[in-house]
Every structure is written in structure tokens, then in C-alpha cells.
Amino acid sequence: MKILVANRGEIAVRIVRACRELGIPAVAVYSDCDRGARHVRDADQAVHIGPSEAARSYLCIDSILDAARRSGADAVHPGYGFLAENAQFAAACRDAGLTFIGPASETIAMMGSKTAARAAAARAGVPAVPGTLDPVGPAVAPAEVACIAREIGYPLMVKAVAGGGGRGMRPVDDEASLKDAVRAARSEAGSAFGDSAVYFERRLRRPRHIEIQLLGDNHGTVVPFVERECSIQRRHQKVVEESPSLAVSPELRGRLAAAAAAVARSVRYSGAGTIEFLLDESGAFFFLEMNTRLQVEHPVTEMVTGIDLVQWQIRIARNERLDIDAAAALVPAGHALECRIYAEDPDHGFLPSPGLIRGLRPASGPGIRDDGGVAAGYVVPMFYDSLIAKLVAWAPSRGAAIQRMSRALHEYHVLGIRTTIPFFLWLMAQPEYIAGQYDTTYLDRLLAERVAAPGATSFNQLPDGDDDLVAVAAAIDAYLQAGRRVDEGATGAARWTGVARREALRG
Amino acid sequence: MKILVANRGEIAVRIVRACRELGIPAVAVYSDCDRGARHVRDADQAVHIGPSEAARSYLCIDSILDAARRSGADAVHPGYGFLAENAQFAAACRDAGLTFIGPASETIAMMGSKTAARAAAARAGVPAVPGTLDPVGPAVAPAEVACIAREIGYPLMVKAVAGGGGRGMRPVDDEASLKDAVRAARSEAGSAFGDSAVYFERRLRRPRHIEIQLLGDNHGTVVPFVERECSIQRRHQKVVEESPSLAVSPELRGRLAAAAAAVARSVRYSGAGTIEFLLDESGAFFFLEMNTRLQVEHPVTEMVTGIDLVQWQIRIARNERLDIDAAAALVPAGHALECRIYAEDPDHGFLPSPGLIRGLRPASGPGIRDDGGVAAGYVVPMFYDSLIAKLVAWAPSRGAAIQRMSRALHEYHVLGIRTTIPFFLWLMAQPEYIAGQYDTTYLDRLLAERVAAPGATSFNQLPDGDDDLVAVAAAIDAYLQAGRRVDEGATGAARWTGVARREALRG
Amino acid sequence: MTFEVEVNGRLRRVTVERSAPGRFRVTLDGTVHEVDAARTGDHALSLILQGEGGRSRDVQIAPSGPPGEILVGIDGRVAAVSIDARRSRRGAPDAAAALDGEQKIVAPMPGRIVRILAAAGDAVAARQPLVVVEAMKMENELRAPRAGRVKLVAVTPGMSVESGRLLVVIE
Amino acid sequence: MTFEVEVNGRLRRVTVERSAPGRFRVTLDGTVHEVDAARTGDHALSLILQGEGGRSRDVQIAPSGPPGEILVGIDGRVAAVSIDARRSRRGAPDAAAALDGEQKIVAPMPGRIVRILAAAGDAVAARQPLVVVEAMKMENELRAPRAGRVKLVAVTPGMSVESGRLLVVIE
């Protein structure tokens with residue numbers, strides 16, 4: 001077996017590691033701006049697939065199939081994002097005689113339609129969030145749209161049928177704002193997914209996002225795992241995940257797992273997948289959607305179960321039988337957290353912060369796992385998702401895991417670009433977070449309050465002493481640099497060109 | 001509580017991390033050559049304690065007590081090595097009103113005498129390796145020495161009473177070689193420990209080194225943990241450790257743990273300690289010695305039990321009660337290996353390889369823990385132990401852990417000095433090691449055969465293709481450097497001064 | 001040697017003299033610190049403050065664009081610092097603006113112009129969206145820092161812009 | 001541009017020409033390779049061999065003392081490499097030795113001389129211990145590479161020596 005990794009960044013690096021441990025050669029693909037990227041350096045082979053724009057490289061099915069042919073790969077791992085949930089890609093791989101490491105193209109297509117997925121869940125006896133069973137296409141008349149909405153009841157959520165990643169979504173509180181919301185959602189969905197169909201879902205009050213990771217093999221076995229909680233979201237984007245959830249009792253866990261397994265079995269699911277639920281305040285849960293791929297947050301499940309999900313994806317694709325103790329898979333060993341380290345500036349509305357990484361020292365030591373995708377000297381491009389690393393902390397208890405995460409965040413150096421590390425340092429100290437009292441609306445509320453608060457401080461606010469120390473350090477650095485300028489008999493400007501030249505060497 | 005870490009390198013970094021996670025300020029101490037060392041950079045405070053020679057810094061009790069006073073520390077963690085098993089130091093801390101994080105001075109003193117320790121084990125009903133109960137001091141006449149040896153029987157081992165770290169030891173096969181061995185052991189012991197007394201132990205055939213980690217609190221509770229196997233030794237120095245041991249059944253584990261706990265209870269042991277046993281081919285085990293401190297290999301126990309031993313050392317010193325599930329502590333979760341990454345050149349008899357670390361990229365990702373003590377830009381000094389990092393791999397099975405370790409070793413870059421990484425890559429591929437068929441004599445035998453073998457190859461031998469590739473890389477690098485020389489209008493020599501200057505910036 | 005150092009917007013006056021090899025006497029807004037400083041990497045500096053129980057901090061320092069502008073990493077956080085602020089200020093684009101009544105909106109990061117929401121001559125309110133820039137799969141609205149009138153729109157939809165590129169001028 | 005490159009003792013002849021930006025035509029002992037090379041750090045180079053399914057390797061390169069002597073790290077292993085071996089050879093201490101009958105024993109690492117086990121004039125057998133150097137808490141015996149007579153002992157017990165320092169000459 002030789003696996004082409006049809007992805008980039010940290011997940012590509014993660015997959016290459018799994019290949020190495022299984023003794024399988026890994027082929028990386030890269031766009032122009034990723035020539036020096038870590039996944040290219042770590043792989044056994046690397047093939048250039050086009051310009052930096054994702055549409056002409058990582059999203060270009062033909063280029064990737066061609067790369068597989070040229071590199072002699074016989075299997076393709078899509079990772080997540082890009083083509084991971086593209087049914088055409090899965091089919092194209094199959095037609096090209098390549099093993100697609102994931103479920104059948106048909107399964108991807110069915111679950112890719114949110115309404116079809118909700119119907120499948122219903123058939124499997126799993127209640128979905130109350131809402132429309134059929135898409136509300138552009139043809140449907142405004143009056144009828146209003147009727148449908150009234151049936152569901154307000155507040156509700158307008159969602160893209162082909163949706164994902166929080167795009168094509170609009171909350172609606174009353175009929176007055178329905179029309180604009182539908183128009184906005186449709187246009188966003190149209191441009192994002194090429195399908196402007198939307199549907200309506202009732203909006204639960206303060207729901208928690210609970211999801212069940214599962215594996216299915218080609219011999220009918222489905223194993224669900226202990227839940228992950230992903231309620232810490234910013235604008236419908238997960239930023240911190242954990243396992244287990246404080247909101248899930250062993251009894252509820254059993255019911256969630258059974259429901260997830262029922263849905264997966266009903267579609268004869270093969271590979272790694274995740275069923276997302278919303279858990280309401282009364283403890284009732286509802287099917288939200290199924291992701292027919294690996295999730296960004298898969299490491300927290302690996303930490304509390306010891307199972308390597310990526311290795312299992314590959315072994316399942318090799319037709320191996322799952323030999324995981326299903327009972328043990330539902331008993332978490334300790335507690336794990338994941339912080340998604342993004343190249344974003346939390347002090348400026350989380351604006352993207354691409355650019356040259358001048359220095360990098362990931363955290364390490366007891367209970368810490370760093371799944372990183374970058375290196376010092378690499379220029380984080382503006383073309384792709386801003387996730388540069390996932391920092392995972394494990395400890396016997398949630399409290400100890402939070403302390404460990406804080407320790408690791410303090411220890412983590414990324415120099416040259418802004419990251420969300422200072423934001424996570426702040427979040428790990430929030431009483432509600434520490435107490436586990438949160439839902440999917442928590443973080444946006446907290447951030448809004450923070451901005452509104454008079455004299456709101458920066459996430460990078462330093463204790464007074466350290467503030468002084470930064471001034472002292474900067475002055476001593478400048479003093480030493482000035483010394484060097486004299487030594488080198490260069491002008492003030494030379495220092496910076498000097499720096500520039502050193503950077504240039506970094507390619 | 002404020003803890004002074006009376007150590008350096010990776011163990012000092014490890015202890016600082018534990019302090020951070022417990023919210024306790026940590027004070028580092030450093031010698032001249034360690035000003036820029038990682039443990040100094042990571043600590044909250046740092047105090048200079050003298051010149052580079054250990055005897056005048058890390059071994060100087062007065063300097064360390066003075067540093068504690070100046071920094072306002074009220075507790076001292078000795079780590080391992082240096083003063084960790086120095087009873088005078090423990091007493092001096094106590095007398096200075098400092099909490100010594102470890103057992104009572106008296107316990108250290110008793111277990112520090114190998115013969116006294118063997119007696120203590122015997123009193124606790126634990127058989128020691130057959131040998132002399134009393135020290136064979138310099139006064140004892142040669143004739144009597146021969147008698148004593150004959151009683152024990154050959155082959156035997158001459159050992160320093162004050163011994164440790166494999167020094168002051170000499171194997172003896174017959175009476176003819178006894179006299180020289182005793183003389184050599186005595187002189188080595190004299191210079192190493194200031195005590196030339198030795199004793200005799202029968203030499204077991206192909207023994208395995210099995211040890212039991214334990215914790216004891218100040219309230220009479222002693223908890224033993226699943227065993228570690230440390231039979232992979234080079235000249236009596238451990239190089240790879242693992243937990244659990246393939247040679248230990250649950251039933252045997254129970255007996256080993258009971259024996260270890262009995263010895264610890266008999267001396268009302270407080271803190272972290274380890275009881276070392278030899279396991280012979282018949283499955284019988286014998287008390288070897290007790291280490292009254294943390295061990296280098298403690299992480300493998302942490303990986304399979306989830307317990308943070310360093311945090312517990314601190315909590316015990318704070319008089320907390322052990323609340324560890326003693327039954328669970330004897331059930332390993334998965335399998336863990338540790339490779340000790342030394343600054344040594346395996347291709348030249350493991351000669352020390354101190355010097356400037358120009359580049360460093362530790363391994364990371366699933367199942368990997370790096371307990372490192374150095375950083376790029378740091379000059380590994382010639383004055384201390386050559387351990388620069390401990391690489392730990394965990395997996396559900398031993399086989400998977402070995403694959404993971406190999407993956408991580410391939411991924412681990414240390415540039416500028418020689419390390420034992422290439423040696424470990426070789427070892428992880430040895431059939432006997434993979435099969436777990438080894439004992440304490442295995443590695444020395446294997447290395448001897450390897451050297452003797454005609455056309456013995458280097459540990460750094462590359463597959464042919466990579467050999468070409470290195471030549472290609474070196475030439476392209478030289479080509480690019482030459483280009484720069486021209487750009488900079490400098491001479492050939494300038495390149496190297498240029499490099500030198502860049503290094504100089506690294507301090 | 002005296003520097004004006006602006007840390008997170010707060011201007012400090014710092015004088016540095018070498019008191020011994022690796023030792024510096026640093027005067028910060030009148031207070032004197034005895035500091036032991038060692039380079040620990042291309043971009044790293046280890047500081048130990050004497051006479052404060054030896055407070056130890058490891059800082060990472062890197063230039064961030066214009067001369068005199070640096071980022072200082074410490075303990076998981078990052079501070080934006082200008083050295084000799086006044087001098088570099090005079091060079092910086094936004095600074096001149098501060099003087100007259102104009103306000104320049106520049107691209108905070110490299111990206112692609114998706115939409116332009118105001119035209120020259122428009123009156124805009126504070127925090128009113130002006131331009132949408134896409135980067136890293138996210139659309140980012142850039143808003144008016146204050147009320148005023150749009151004097152100039154310097155970009156068009158579809159354009160790729162570098163960080164710091166002038167987008168809109170408000171007067 | 002042609003180089004003589006010695007990798008782990010094996011001498012290779014390598015010609016490099018730039019065929020395009022980031023692309024090199026490299027001739028190694030007559031075989032031509034089309035190589036895509038990118039600097040990925042101060043000391044790192046990423047190579048992708050064209051026409052071999054794109055074999056990818058990340059190498060780390062650092063000088064190791066004398067000009068032309070470098071260490072190349074690849075895939076967990078380290079190769080000792082000399083560039084333009086002959087030239088640098090001529091400079092190196094051991095090389096001259098190779099020519100006449102002399103053999104110089106030099107310190108393989110910095111350390112302290114603990115014991116000297118042979119005196120000038122002594123006849124020594126191959127692998128006979130000559131000097132004991134202590135470094136990193138270990139005593140290391142340096143042995144005679146071949147049989148001969150000790151011509152010179154250049155150090156005394158207690159001395160601290162740098163790496164490469166001449167210790168003993170055998171003839």
C-alpha cells in the first residue's frame with residue numbers, strides 16, 4: 001500500500017505519522033506556496049499539484065489523481081476539509097482504481113445533504129432537531145416559506161442544505177427578520193457550496209454540542225466511542241474540544257452511542273465518522289448531522305481511549321476487521337482537552353495573521369501532545385484555513401488537564417505571527433469554563449460582553465512587572481543590536497536588511 | 001510554597017513543569033556554563049551558584065542553601081544525581097528550615113549503604129542477591145577476602161558499598177582474578193564515593209533488571225506501581241526502559257509489589273522511591289538496592305498509570321495523603337518505552353559529544369512525550385551527565401509502541417552534536433529486542449559482536465539512495481553558499497565567519 | 001544609551017549601560033534595574049533581574065515590518081513594541097494621519113478584496129463596514145474607526161492586497 | 001560548479017547547475033538527477049528528486065569545525081561530509097600524518113586529562129590504551145590506532161583540552 005495524502009498542514013503531518021508507524025510510504029501533495037511546508041518535508045514522496053489557490057490545487061480532483069498516478073500511490077487519504085466530503089472525489093478515486101480511505105461515495109453524498117441525513121436519522125429511529133424534512137428551494141414562494149417557518153416555530157435557524165463549517169447559517173428570532181435571513185443564507189450557500197437550497201431548524205435554548213466518534217469496518221461492525229463535547233464555539237466554529245463531557249452521564253452516554261451506532265449501521269457505514277448531536281437543557285438530544293470523515297478534534301478521543309483513529313482508518317480501508325473492545329471504547333480514561341491554535345489575532349476580532357514564523361517552540365512534557373503542521377522559517381499562507389497546530393492536554397481529571405493546558409500554553413512559543421494562544425490562556429482561567437458551565441452560545445456571549453466592557457483589556461495584557469520587563473528586554477536587545485551595527489560597521493538600516501537576508505535564506 | 005530545584009537539565013525542566021501545573025513558583029540554580037540553559041529560562045526565578053565544575057556548584061550544599069535563602073524558597077527538590085541521595089544535604093535542608101522533597105535524611109543514609117539496605121530488605125523478609133552481609137573493608141586480609149568470596153561462590157560481583165550508577169563494580173569469574181578486581185573496585189569506589197569499602201554478590205546468569213516504583217506518604221500509606229524493566233544496559237548504565245515487563249506475570253507482579261512495599265513500610269518510607277530487583281531465569285527475584293529518589297525512567301510508569309509522580313512528590317512533602325487506587329496502580333494501561341537520548345557518539349564507543357546545538361526539533365504527535373532539557377543555541381557542557389532528552393513512546397501494545405518510537409526517532413532532529421538517536425533506531429530493529437528476549441547482558445554482548453563482525457557498519461549507515469542524496473544535498477548547499485559569497489562580495493572564508501557570526505548571536 | 005520604548009501603546013523611557021559582561025544597568029522611567037541578560041537564540045533573550053530574588057524571564061524578539069517595530073513574546077503572550085517610537089512613527093503611514101484630520105484604513109493582513117461597501121463622498125458612521133477582505137477562508141469586515149466622509153477608495157473588488165496596503169481614506 | 005564530496009568516507013564527484021529557480025541539474029558520479037531544492041530553515045534543505053516519483057527528503061546541514069567539514073542530518077541519522085575533500089584534507093591535522101609514518105592521536109572531544117598510560121619511547125601495541133580523558137562524568141580511554149613507538153606525549157594529567165587537541169604522536 002502507498003498512500004497519497006490529499007491535504008496539507010497539521011492533518012497531513014498527522015496522517016504521514018500514521019503511515020510511518022504502519023510502515024506504509026506516504027506521498028504529499030503541495031501547491032506553490034507550500035513547497036517548504038512541513039507535510040512535504042516529512043513525506044516519503046511529494047508531488048506539486050498547482051498554484052496556491054485551493055481551487056487550482058488541493059481542491060482540484062484531476063491534479064490529485066494525476067499526482068497519485070505519477071507517484072505510484074494506490075490509496076488516497078483525504079484528511080478533512082478540501083475534498084474530504086466530496087462524493088465526486090471519492091467516486092473518481094474508485095474509478096481510477098485507488099482506495100479512497102473513507103466511506104463509499106454514495107454515503108458521503110447522502111450525508112452531505114443535511115435534509116437527507118436528517119431523514120436517514122429519523123429512519124434509524126433517532127430524532128433530529130425539529131425542522132423541515134425537505135429543502136426549501138429557491139422556487140418556494142415567500143408566503144409558503146413563512147408558513148413553513150411558522151410550523152417549525154421561532155426562534156429558528158436557517159441552514160444551507162449543502163452546509164458545513166458554519167457557513168450558510170442565519171438565526172431568525174421572528175417572522176419580520178425571516179425574509180432577509182433566508183435571502184442572506186441562500187446567497188452565502190450558493191457561493192460557498194454552489195447550492196442555494198436551505199432548510200429550517202428550531203433553535204434550541206443554550207444547547208450543548210455533543211458528538212459521537214465511531215468506526216465502521218467493511219464487515220458490518222460499528223464501534224462508537226465516548227463522546228466529545230465541542231460547545232466552545234466562536235461564530236459556529238469549534239475552538240476547544242474535550243472528552244468526556246461533564247454534561248453526559250454513563251447512562252446518557254450509552255443512549256448517545258446506541259443512537260449514533262444505529263444511524264451508522266443503517267447506512268452500512270465504513271471508516272471513521274462522527275455523529276453530531278445537540279443536547280438541550282432537559283437532557284434530550286437531537287441528531288444534528290453526520291461528518292463522513294476524520295474530525296479536527298479526533299485527538300481528544302485518542303487520548304482517553306488509547307485508540308489511533310487514523311491508523312484504524314487505514315486498516316479498515318485494507319479490509320481489516322475492527323478488534324476494538326466496544327465496552328472499553330465507552331469508558332474514558334482520564335480527561336483530554338484540545339485547543340486549536342489558529343494564526344489569528346484575538347485582539348483584532350480574530351483577524352487572520354498569515355506570515356513568516358520566525359521562531360517556534362511547541363509545548364511538550366507530561367500529558368501534552370502537539371499535533372503541529374508548521375515549522376520555523378515557514379510562511380503561513382493566506383490561502384487556507386488558519387489552523388497551525390492542535391495542542392492537546394491529558395490528565396486523570398478535567399481540573400488537572402486544564403492546569404496542564406495552561407502550563408503548555410505558557411510554554412508554547414510562536415514568533416512572528418499572531419496566534420490564539422493568548423486567547424486560550426484567558427479562556428482556561430474563566431470560572432464558567434473551569435466549572436464546565438457552558439453551551440454553544442457561551443463563548444460568543446462572553447466575547448461580546450468583553451468587548452462591551454469599559455476599559456476592555458487585550459488578551460496580551462501582561463502583569464505589570466512583565467510589562468516593565470518587556471520594555472527592558474526591548475531596550476537591551478536594541479543596545480546589543482546597536483553594538484553589532486558598530487562591529488559590522490553597517491548603518492542602522494543594515495540591521496534590518498541583515499535580518500531580511502537571514503530570512504531570505506529560509507527560502 | 002516556593003520550590004528551589006537543586007538540579008539542571010531535563011529533570012530540572014520536568015520539575016519546573018510540575019510546579020507550574022500546581023501553581024507553585026519554581027527557582028532554578030545554575031553554574032557558569034548553564035546561564036543560558038533551558039531550566040534557567042523556564043523557571044520563575046534563577047540564582048547563580050558557582051563555576052561550571054559540579055563540585056563547586058550543583059554539588060555545593062552551601063551555595064544551594066544560600067540560593068534558597070536569597071530566592072525565598074521554602075522547599076528543595078533534588079531531582080536525581082548530584083545531591084539527590086546525599087543524606088547530609090537532606091539534613092542540611094531540614095536544619096535550614098527547608099522542606100526537603102524526599103525521604104528523611106536517616107532513610108537516605110541507611111539505603112545509601114548497600115549492605116545496610118540488603119540487611120533491611122532481609123529484615124522485611126525480602127531475599128537479597130546472595131552475598132556478603134557486611135562490608136569487606138580495606139582492613140580485611142587478602143586470605144580472608146578469598147574465603148568470603150569462596151563462600152559466596154563464583155562467578156561473583158565486587159561492588160562498592162557506597163556505590164551507584166554502575167561505578168565501583170567489577171565482575172569476577174574465578175579466584176585468580178579476585179585480587180585485582182577487589183583492588184580496582186576499591187580504588188574506583190574511593191575516588192568516586194570517598195569510601196573504598198566493597199562487598200560481594202553472587203552473579204546471576206542472564207538476570208533481568210526489574211524495579212518497582214513506589215510512593216509513600218507521611219501518614220503510613222505506601223503504594224507500589226506496575227514494574228519497569230531496565231535490562232537494556234550498556235556497561236551497567238540503563239539506556240532503554242519499559243513498562244510493563246514481558247517477563248512479569250500479574251501473579252509475579254503482585255509478589256514483586258508486595259516485597260517492595262514491605263521494604264518501604266519497614267523503613268516508614270516517605271516520598272518517591274524505587275526498589276530494584278534481579279529476576280533470574282527460574283523466575284526467582286532478589287532485592288538489589290533501593291533508590292531513595294525519583295528515577296530517570298519515571299515517565300514510563302507515568303504513561304501506563306496516568307499518575308504524575310513529580311506532582312505527588314511535592315504533594316507528599318506538603319503532607320497530603322495518597323489517594324491513589326492501589327489496585328489500579330498495578331494494572332498497566334498499554335505499554336511505554338523510554339529512550340535516553342545522550343550527547344554521545346555511538347560510532348566511536350559512545351564517546352561524549354558536548355558542543356553547540358545548532359538545530360533542534362523534538363518528536364511529537366500521537367503517543368509521544370519528549371522530556372527534553374536543551375534548546376537550539378545551547379552549548380551542551382562537558383561537565384555533566386550527557387543526557388539531553390528522554391523520548392517516551394506509548395501505545396496500546398508493545399509492538400505498536402516500538403513502531404511509534406522508531407517513527408519518533410526518525411522525526412527527531414538534533415543538529416551540531418552527536419547523539420544516541422541513530423543507535424536507538426538500530427536497536428528498535430533488533431529481533432531479540434522486538435521479541436523481548438533480552439537480559440542485562442544482552443546489549444553489551446550485542447555491541448561486542450557488532451564490533452567484532454567483519455565489515456561492521458556505522459550506526460549512521462544510510463540506505464544507498466540516501467547516501468547519494470546526502471552528497472547531492474551537500475553540493476547544492478555549497479553551491480547556494482557560493483552564490484551567497486558572490487552576492488556578499490566576500491571571500492570563501494567569509495562564509496564561515498558569517499556562519500560563526502550567526503552562531504555568535506545565539507550566545 | 002537611551003531609548004523610547006512603546007509597549008502595548010504605553011511609552012517608556014529606557015536607559016541601558018553595560019555594567020559588566022552580560023550585566024546591564026537599566027533605568028526605566030527613573031527606576032534602576034540591575035539585569036543579567038543572555039542571548040539564548042537568534043530571537044531569544046534570557047533576563048534575570050538582580051535583587052528581586054532573581055526573577056527570570058525568557059523573551060522572544062522579532063522584527064514586525066517597519067524598522068523599530070518589534071514583537072516581544074513572553075510567557076505565552078505577545079507585546080507589540082516600538083523602539084525609538086517617535087523616529088519610526090514619523091515614517092509610518094498611519095502616524096502622519098494622526099496629525100491632520102485624515103484617517104487611513106490599511107489592510108491588516110494580506111488578502112483579497114471581496115466587497116467595497118462605501119464610495120468616495122459617502123458619509124460613514126463610526127464602526128460602519130467599509131471593505132470586506134478575504135483571507136484564510138474567512139471574510140473580514142473592515143470598519144470605519146470614526147464617523148466622517150470617504151475621501152478615497154484605493155482598491156477594487158478582486159484585488160489582492162499586501163498587509164499595510166492603503167484601502168480607504170476617511171476625512 | 002563541481003565539488004568533491006566525501007560522505008561517510010566515500011568520495012563522490014558532484015556537479016551542480018541551476019536549471020530553473022529552485023531547480024538543479026546534479027550529476028553524481030556520472031548519473032544525472034533533476035532536483036527541486038528549497039531552504040526550509042537556517043540549516044535545513046528540502047529536496048524533491050524529480051522523475052523518481054518525487055522522492056522527498058529533508059536534510060539538516062551544519063558546519064562541524066574546519067571549513068568544508070559539515071554534518072548532514074537525514075531521517076534520524078547523521079553523515080560526516082567533507083566538501084572539496086582534497087583541499088580541506090590538506091589543512092586537516094590527521095591528513096598530513098597519513099602521508100609519512102606518523103600517527104597523531106587527538107582529543108575527540110573537550111575534556112580533562114585523567115591519566116597518561118604511555119611515555120615517549122614506549123613501544124605500544126595496536127588498541128593499547130594511551131590516554132584517559134574525562135568528559136561528562138565518563139572516563140574515556142584513547143587507544144593506539146596501530147602498533148608503534150610513542151614519539152611524543154603532548155599533554156599532562158589534569159590538563160583541560162579542547163576537541164582536536166594533539167595528545168600523543170606514534171611513529
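Only the side chain of E344(B) comes within contact range of chain D, with at least one heavy atom under 4.5 Å from a heavy atom of that chain. The contact between A37(D) and chain B is made entirely by side chain atoms (from C-beta outward), counting heavy-atom distances below 4.5 Å. Only the side chain of D58(D) has a heavy atom closer than 4.5 Å to any heavy atom of chain B. Both the backbone and the side chain of A343(B) come within contact range of chain D, each with at least one heavy atom under 4.5 Å from a heavy atom of that chain. Proximity to chain D is limited to the backbone of Y384(B), based on heavy atoms less than 4.5 angstrom apart.
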Check your understanding: Given the rule in the salt bridge (Lys or Arg N to Asp or Glu O under 4.0 Å) test, do R55(D) and D466(B) qualify, once you have shown the distances and angles that lead to the verdict?
Key -> CA-CA 10 Å; R55(D) 190 139 134 275; D466(B) 282 356; 3.4 Å; yes
**Study point:** R57(D)/V470(B) under side chain to side chain contact (heavy atoms under 4.5 Å, CB included): CA gap, chis, key distance, verdict
**Key:** CA-CA 10 Å; R57(D) 288 291 184 279; V470(B) 165; over 6 Å; no
Quick one: side chains of residues 108-124 of chain D, donor-acceptor pairs under 3.5 Å with protein atoms, not counting sequence neighbours, listed by atom name and distance.
residue: R112(D); atom: NH2; partner: E134(D); partner atom: OE1; Å: 2.7
residue: R115(D); atom: NH2; partner: E139(D); partner atom: OE1; Å: 2.9
residue: D122(D); atom: OD2; partner: A119(D); partner atom: N; Å: 2.8

Sequence neighbours left out, cut at 3.5 Å: what donor-acceptor pairs do the side chains of residues 350-357 of chain B make with other protein atoms?
residue: S353(B); atom: OG; partner: R418(B); partner atom: N; Å: 2.9

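I61(D) and A473(B) make their closest contact through CD1-O, 4.0 Å (heavy atoms, listed as atom of the first residue, atom of the second, distance). In plain terms, the two heavy atoms of R77(D) and F459(B) that are nearest each other are NE-O, 3.6 Å. Among all heavy-atom pairs drawn from V5(D) and A474(B), the shortest one is CG1-CB, 4.1 Å.
Distance check, rounded to the nearest 0.5 Å: CZ of R358(B) to NE2 of H43(D) gives 6.0 Å. We find the CZ-CG distance between F3(D) and D477(B) to be 9.0 Å, quoted to the nearest 0.5 Å. Taken to the nearest 0.5 Å, the CZ atom of R18(D) stands 10.0 Å off from the CD1 atom of I476(B). If you take CD on Q481(B) and CD1 on I83(D), they are separated by 10.0 Å, rounding to the nearest 0.5 Å. For the atom pair CG of L415(B) and OG of S64(D), the computed distance is 10.0 Å after rounding to the nearest 0.5 Å.
In this structure the side chain of D467(B) reaches within 4.5 angstrom of the side chain of R12(D), judged on heavy atoms. A 4.5 Å side-chain heavy-atom check between R39(D) and L480(B) finds at least one atom pair inside the cut-off.
Listed options L409(B), D385(B), V380(B) were ranked by heavy-atom pairs under 4.5 angstrom with chain D; first place goes to D385(B). Contact tally against chain B (heavy-atom pairs below 4.5 Å) for N140(D), V35(D), T27(D), D75(D): the top residue is D75(D). Comparing G73(D), G76(D), A79(D), A80(D) by how many heavy-atom pairs each has under 4.5 Å with chain B, the most go to G76(D). The most heavy-atom pairs under 4.5 Å with chain B, out of T31(D), I74(D), V14(D), L71(D), come from I74(D). Counting heavy-atom pairs closer than 4.5 Å to chain B, the top residue among V78(D), L47(D), T2(D), V26(D) is V78(D).
Contacts from residues 126-133 of chain D to chain B, taken as heavy-atom pairs separated by less than 4.5 Å, involve no residues at all. Inspection of non-hydrogen atoms places no residue of residues 149-159 of chain D under 4.5 Å from chain B.
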